[in-house]
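Residues: numbered from 1 along the sequence shown. Note that the coordinates shown come from a computational prediction; the quantities given were computed from them, not determined experimentally.
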Amino acid sequence: FPSHDTKAEQEEIDYFNDTYQSNPNLSAEQKKAILSALKHWNDTTKVYLSLQKTVDIVNLWESLGLIAEGRAAQVLSNG
């Protein structure tokens with residue numbers, strides 16, 4: 001799945017994943033959703049782009065500016 005991201009996007013996503021728990025701009029609910037998605041991804045051997053958890057995390061990345069506007073739809077359509 002990371003092959004769908006540019007190098008810069010992947011670096012931003014990796015940094016975010018390592019630091020989101022201490023981000024004061026995220027609510028506890030958002031942090032729980034991110035943790036759940038990351039745990040799901042760590043246990044996954046294949047990413048299904050139509051799976052709701054995948055859609056949610058890719059849309060979250062876009063909403064947080066980790067990927068450019070419009071990239072979520074582009075990434076999710078490349079399945």
| remark: Heavy-atom closest pair (V55 atom, L49 atom, distance to 0.1 Å) is CG2-O, 3.5 Å
| L26 and K31: which non-hydrogen atoms are nearest, and at how many Å? | O-CE, 3.6 Å
| Got a sec, which pairs hit salt bridge (Lys or Arg N to Asp or Glu O under 4.0 Å) with one end in residues 11-28, sequence neighbours left out? |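 For residues 11-28, and leaving out neighbouring residues, the salt bridge (Lys or Arg N to Asp or Glu O under 4.0 Å) pairs sorted by first residue read K7-E11.
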| message | The test is side chain to side chain contact (heavy atoms under 4.5 Å, CB included); show your working for S36 and K53 and say whether it passes. | response | CA-CA 9 Å; S36 177; K53 283 187 178 210; 3.5 Å; yes
Do the side chain of [X] and the main chain of [Y] share a donor and acceptor less than 3.5 angstrom apart?
X   : Y   : answer
E9  : L66 : no
S77 : A73 : yes
E62 : A72 : yes

| task | Sequence neighbours left out, what passes ring-ring contact (aromatic ring centres under 6.0 Å, His included) with Y20? Give chain and number order. | result |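 Residues passing ring-ring contact (aromatic ring centres under 6.0 Å, His included) with Y20: F16.
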| query | Quick one: side chain to side chain donor-acceptor pair (under 3.5 Å) partners of E29, sequence neighbours excluded? | reply |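 E29 satisfies side chain to side chain donor-acceptor pair (under 3.5 Å) with no other residue.
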| field | Reported NZ-to-CD distance for the pair K32 and Q21, which is rounded to 0.5 angstrom | value | 11.0 Å
| task | Quick one: pull up CG in L38 and CG in N17 and give me the separation to the nearest 0.5 Å. | result | 4.5 Å
| Full working for side chain to side chain contact (heavy atoms under 4.5 Å, CB included) between T6 and I67 | CA-CA 9 Å; T6 66; I67 60 176; over 6 Å; no
| For atom CD of Q52, is the number of surrounding heavy atoms from other residues, nucleotides or ligands below 6.0 Å larger than 12? |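 Buried by this count: over 12 neighbours within 6.0 Å.
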| message | According to a hydrophobic-cluster definition based on side-chain heavy atoms being under 4.5 Å apart (Ile, Leu, Val, Met, Phe, Trp, Tyr only), do L51 and W61 belong together? | response |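 Hydrophobic grouping puts L51 apart from W61.
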| Same cluster (ILVMFWY, side-chain, under 4.5 Å), L60 and Y15 |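 No; Y15 is not reachable from L60 via cluster members.
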